[in-house]
Amino acid sequence: MKRLIVFDLDGTLAPSKSAPDAEMSALLHDLLGIVRVAVISGGDWAQFEAQLLSQLTRDERLANLSLLPTCGTQFFQYEGGWTRLYAEDLTADEKAKIVSSLGKALRSNGLESEKVWGEVIEDRGSQVTLSALGQQAPLEQKVLWDPDYAKRKKIKATLDALIPEFSVRIGGSTSIDVTKPGIDKGYGVRKLRDILGIPLSEMMFIGDALFVGGNDYPAKQAGVVSVPVRGPEETKVVIQTIAACLGGD
């Protein structure tokens with residue numbers, strides 16, 4: 001019996017940088033009435049607020065929801081309001097080295113885009129994120145840029161050589177996430193274990209980047225039963241199945 005269902009956000013609960021649709025929001029609300037839920041994403045807290053929380057009903061069921069922005073380097077719980085329990089921030093020197101290396105990796109692989117929308121490299125405090133087309137790129141452009149992950153795998157290989165002391169993961173549609181070593185979604189699920197007192201064996205993780213090198217893969221490596229999905233529509237089916245198995249209507 002699973003006591004905690006953990007989701008990735010972009011590409012799993014919603015398209016990249018987009019809000020879950022009404023059906024997904026309703027399914028999550030129903031699921032919160034049955035079992036504990038957590039969401040771990042490469043996005044920062046502001047993105048969680050705008051993208052996810054704005055779509056969820058604000059009621060007592062939010063007490064069953066844990067949120068872990070920036071690949072688990074931050075942890076928020078709800079007690080009448082959202083409280084941050086921890087943050088694993090990078091130092092100024094670490095950020096500078098990561099930013100410089102991200103620029104080099106883009107240039108050396110010939111992947112700098114002539115047209116971008118918003119910031120390409122974003123400081124998220126506990127994580128630095130590369131969005132190859134910019135943070136505000138239209139979804140249709142992002143989906144077309146690297147559908148088979150080949151471009152980002154090249155960038156990751158370069159970064160693994162340039163900054164081996166950091167953790168480099170592929171996420172979203174055009175993004176690369178860089179954190180302190182060992183700070184990833186595996187770290188996040190272990191924090192959920194420690195803070196909520198739920199063993200990894202009683203969790204389930206659902207994500208669209210569970211392949212080797214994907215930013216969901218560390219959750220699988222940590223020993224959590226993991227379900228790969230190819231988008232929100234598949235996630236809806238998984239949620240409906242979980243709800244049925246756990247005794248929901």
Q: For residues 115-125, pull every pair meeting salt bridge (charged side-chain N to carboxylate O under 4.0 Å, His left out), keeping only residues two or more places apart or in separate chains.
A: K95-D123, E122-R124
Nearest-0.5 Å distance, [atom1] of residue [X] to [atom2] of residue [Y]:
{"X": "L90", "Y": "Q127", "atom1": "CG", "atom2": "CD", "result": "8.5 Å"}
{"X": "I155", "Y": "S108", "atom1": "CD1", "atom2": "OG", "result": "8.5 Å"}
{"X": "I242", "Y": "Q240", "atom1": "CD1", "atom2": "CD", "result": "10.5 Å"}
{"X": "I176", "Y": "T129", "atom1": "CD1", "atom2": "OG1", "result": "9.5 Å"}
{"X": "L130", "Y": "L133", "atom1": "CG", "atom2": "CG", "result": "9.5 Å"}
{"X": "K191", "Y": "Q74", "atom1": "NZ", "atom2": "CD", "result": "12.5 Å"}

Q.
Tell me if a side-chain donor or acceptor on T73 pairs with a main-chain N or O of C71 at a distance below 3.5 Å.
A. no
Is the shortest side-chain heavy-atom distance between [X] and [Y] below 4.5 Å?
{"X": "L67", "Y": "L52", "result": "yes"}
{"X": "L246", "Y": "M1", "result": "yes"}
{"X": "I239", "Y": "T235", "result": "yes"}
{"X": "Q51", "Y": "D10", "result": "yes"}

Q | Derivation of the side chain to side chain contact (heavy atoms under 4.5 Å, CB included) call for K17 and Q136 | A | CA-CA 8 Å; K17 297 292 193 303; Q136 306 304 320; over 6 Å; no
Please enumerate all residues that pass side-chain contact (heavy atoms from CB on, under 4.5 Å) together with [X], with sequence neighbours excluded.
{"X": "V99", "result": "I121, V128"}
{"X": "T91", "result": "D93, E94"}
{"X": "R230", "result": "E234"}
{"X": "K104", "result": "S100, R107, L162"}

Cluster overlap [X] with [Y], hydrophobic side-chain contacts below 4.5 Å:
{"X": "L192", "Y": "L65", "answer": "no"}
{"X": "F7", "Y": "L68", "answer": "no"}
{"X": "F166", "Y": "L102", "answer": "yes"}
{"X": "V227", "Y": "L4", "answer": "no"}
{"X": "V229", "Y": "V225", "answer": "no"}

Q: Could you list all the ring pair (Phe, Tyr, Trp, His ring centres under 6.0 Å) pairs where at least one residue sits in residues 168-189, not counting sequence neighbours?
A: none
For residues 204-220, which side-chain donor-acceptor pairs fall under 3.5 Å, sequence neighbours excluded?
from : atom 1 : to   : atom 2 : distance (Å)
D208 : OD1    : T12  : OG1    : 3.4
N215 : ND2    : D177 : OD2    : 3.1
D216 : OD1    : K185 : NZ     : 2.5
D216 : OD2    : D208 : N      : 3.1
D216 : OD2    : A209 : N      : 2.8

Please tabulate, for side-chain N and O atoms in residues 138-151, each donor-acceptor pair with protein atoms closer than 3.5 Å (sequence neighbours left out).
from : atom 1 : to   : atom 2 : distance (Å)
K142 : NZ     : S16  : OG     : 2.7
D146 : OD1    : Y149 : N      : 3.3
D146 : OD1    : A150 : N      : 3.0
D146 : OD1    : K151 : N      : 2.9
D146 : OD2    : R152 : N      : 3.1
D146 : OD2    : R152 : NE     : 2.8
D148 : OD1    : A150 : N      : 3.2
K151 : NZ     : W145 : O      : 2.9

Q: Compute whether any side-chain donor of one residue and acceptor of the other, for S126 and T70, lie under 3.5 angstrom apart.
A: yes
Q) Looking only at heavy atoms, what is the nearest atom pair of R190 and A222, with distance? A) NH1-CB, 3.6 Å
Q) Residues two or more places apart in sequence or in another chain: which of them pass salt bridge (Lys or Arg N to Asp or Glu O under 4.0 Å) with E165? A) K97
Please list every donor-acceptor pair under 3.5 Å in which a side-chain atom of residues 21-44 meets a protein atom from a residue at least two apart or in another chain.
from : atom 1 : to   : atom 2 : distance (Å)
D21  : OD1    : E23  : N      : 3.2
D21  : OD1    : M24  : N      : 2.8
D21  : OD1    : K236 : NZ     : 3.3
D21  : OD2    : K236 : NZ     : 2.7
E23  : OE1    : K236 : NZ     : 3.0
S25  : OG     : D21  : O      : 3.1
H29  : ND1    : R61  : NH1    : 3.4
H29  : NE2    : D59  : OD2    : 2.7
S41  : OG     : G43  : N      : 3.0
D44  : OD1    : A46  : N      : 3.4
D44  : OD1    : Q47  : N      : 2.9

Q: Using the side-chain hydrogen bond (donor to acceptor under 3.5 Å, both in side chains) rule, collect all pairs that involve residues 193-205, keeping only residues at least two apart or in two chains.
A: R3-E202
Q: Give the C-alpha distance, both sets of side-chain angles, the deciding distance and a yes or no for side chain to side chain contact (heavy atoms under 4.5 Å, CB included) between L85 and Q77.
A: CA-CA 7 Å; L85 302 188; Q77 278 191 308; 3.4 Å; yes
Q.
If the condition is ring-ring contact (aromatic ring centres under 6.0 Å, His included), which residues does F76 pass it with, not counting sequence neighbours?
A. W45
